[in-house]
Number of protein chains: 2
Amino acid sequence: MKPLSHPAVDDLTVEGILHALSDPVRAAIFADIAQSACAQNCSNFLQVKERDIPKSTLSQHFRTLREAGLIRGERQGVEMQNTSRCAEIDRRFPGLIPAIMKAHQVQSGAKRGAGGQGRKRA
Amino acid sequence: MKPLSHPAVDDLTVEGILHALSDPVRAAIFADIAQSACAQNCSNFLQVKERDIPKSTLSQHFRTLREAGLIRGERQGVEMQNTSRCAEIDRRFPGLIPAIMKAHQVQSGAKRGAGGQGRKRA
DNA sequence: TCCATAGTTCGGAACTTTAGAACTATTGAA
DNA sequence: TTCAATAGTTCTAAAGTTCCGAACTATGGA
């Protein structure tokens, strides 16, 4: 099989990272991978944020995240295990990923009203 | 004349901000506006980073930055004065803009050799 | 071997971006 | 007031990107 190339940390670009995280589906996927202790496979995300994402689209999103250097994907048997590259990125662009993740949290927190855990209404 | 609408700070989205800054031309324009004490007009950017940008394209880039809430544009006579909305944004998404600007500096600093001080000359 | 599962690639439709041409708004001079 | 110049916007078509169903590839198990 093809061994799934990942860019070196010195080749990462801010544009690539921002572009990858400027899509809400990718941002949600990345947040989930970054926050979970163990690796995540793609199929765990077929319903991201109450939407059904076709798997060809998901595959493209994972590719975008990989090519931006945000995640590392490794095949384990029939599935792909994805882990975040936060620590590496943070060495090159200190504080960038945490600031973006925190902003996404502020935004989703603000949307569902302080205190309550209401459903998002588009 | 049309008074050029700007989104309220509470309506800004992280996606919009990241998308706006994921284009190198817009990132350069925004960095220049954010770093300069006085307002900047569009024509100052007809050559951004050694490239000649057609003015219709520039106008679209300014519109994207305005609609993402990153800059405020106000007509002063025949030209448009642009100022950054960093302070406002920082109240809603603390640290986001500084982290992105710093990452852009790391990237351009790394590109031109470790000694430099990040800002492109010329 | 064949089948099921997980993910990728292909290709066309839908959407976005780019940039030249035409346009609008403002200023200043005649 | 009219004309010309300057600054920026809007129009529109071509180029580029993204989305998603269908077909495909890779792995593991019966």
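Keep in mind that what you see is a predicted model, and the values were worked out from it rather than measured.
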* Asked: How sharply is the helix from dT1(C)-dA30(D) to dA30(C)-dT1(D) bent, taking the axes over five pairs at either end and rounding to 10 degrees?
  ->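 Comparing the first five pairs with the last five, the axes sit 0° apart.
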What is the distance, to the nearest angstrom, from the [atom1] atom on [X] to the [atom2] atom on [N]?
X      : N       : atom1 : atom2 : answer
E74(A) : dG7(C)  : CD    : P     : 14 Å
R75(B) : dA25(C) : CZ    : C1'   : 5 Å
Q76(B) : dG8(D)  : CD    : P     : 12 Å
I53(B) : dT9(D)  : CD1   : C1'   : 17 Å
N41(B) : dT6(D)  : CG    : C1'   : 11 Å
D52(B) : dG20(C) : CG    : P     : 10 Å
I71(B) : dG8(D)  : CD1   : P     : 11 Å
E67(B) : dT9(D)  : CD    : P     : 11 Å

* Taking side-chain hydrogen bond (donor to acceptor under 3.5 Å, both in side chains) as the test, write out the residues that go with E74(B), two or more places apart. =>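 Applying side-chain hydrogen bond (donor to acceptor under 3.5 Å, both in side chains) to E74(B) gives none.
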* Given dG8(D), dG21(D), dG7(C), the nucleotide with the shortest approach to the side chain of S43(B) ->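 Between dG8(D), dG21(D), dG7(C), the one nearest the side chain of S43(B) would be dG8(D).
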* Asked: Where the side chain of E79(A) is concerned, which of dA7(D), dG20(C), dG7(C) is the nearest nucleotide?
  -> dG7(C)
* Considering all heavy atoms of both residues, which atom of R85(A) and which atom of V9(A) are nearest to each other, and what is their separation? ->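 Reported closest heavy-atom pair: NH2-N, 3.9 Å.
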* Asked: Which pair of heavy atoms, one from F62(B) and one from I29(B), lies closest together, and at what distance?
  -> CZ-CG2, 3.7 Å
Backbone N or O of [Y] within a donor-acceptor pair of the [X] side chain at under 3.5 Å?
X       : Y      : answer
R66(B)  : G73(B) : no
S22(A)  : H19(A) : yes
Q107(A) : V14(B) : yes
T64(B)  : Q60(B) : yes

* To do: Please identify each residue that fulfils side chain to side chain contact (heavy atoms under 4.5 Å, CB included) with S43(B), with sequence neighbours left out.
  =>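 Only N41(B), L46(B) meet the side chain to side chain contact (heavy atoms under 4.5 Å, CB included) criterion with S43(B).
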* By side chain to side chain contact (heavy atoms under 4.5 Å, CB included), which residues pair with S36(A), not counting sequence neighbours? -> Q40(A)
* Using a cut-off of 4.0 Å on non-hydrogen atoms, how would the nucleic acid contact of R66(B) be classed: base, sugar-phosphate, or nothing? -> sugar-phosphate
* To do: Could you check which residues of residues 55-64 of chain A get a heavy atom under 4.0 Å from DNA chain D? Sort them by number, please.
  => S56(A), T57(A), H61(A)
* **Strand contacts (DNA chain D) in residues 17-35 of chain A, 4.0 angstrom heavy-atom criterion** => H19(A), D23(A)
* To do: Please assess R72(A) against Q81(A) for the test side-chain contact (heavy atoms from CB on, under 4.5 Å), listing each intermediate value before the final yes or no.
  => CA-CA 8 Å; R72(A) 187 177 293 284; Q81(A) 296 299 336; over 6 Å; no
* To do: Evaluate the criterion side-chain contact (heavy atoms from CB on, under 4.5 Å) for residue pair V25(B) and K49(B); output intermediate values, then yes/no.
  => CA-CA 8 Å; V25(B) 170; K49(B) 299 208 167 219; over 6 Å; no
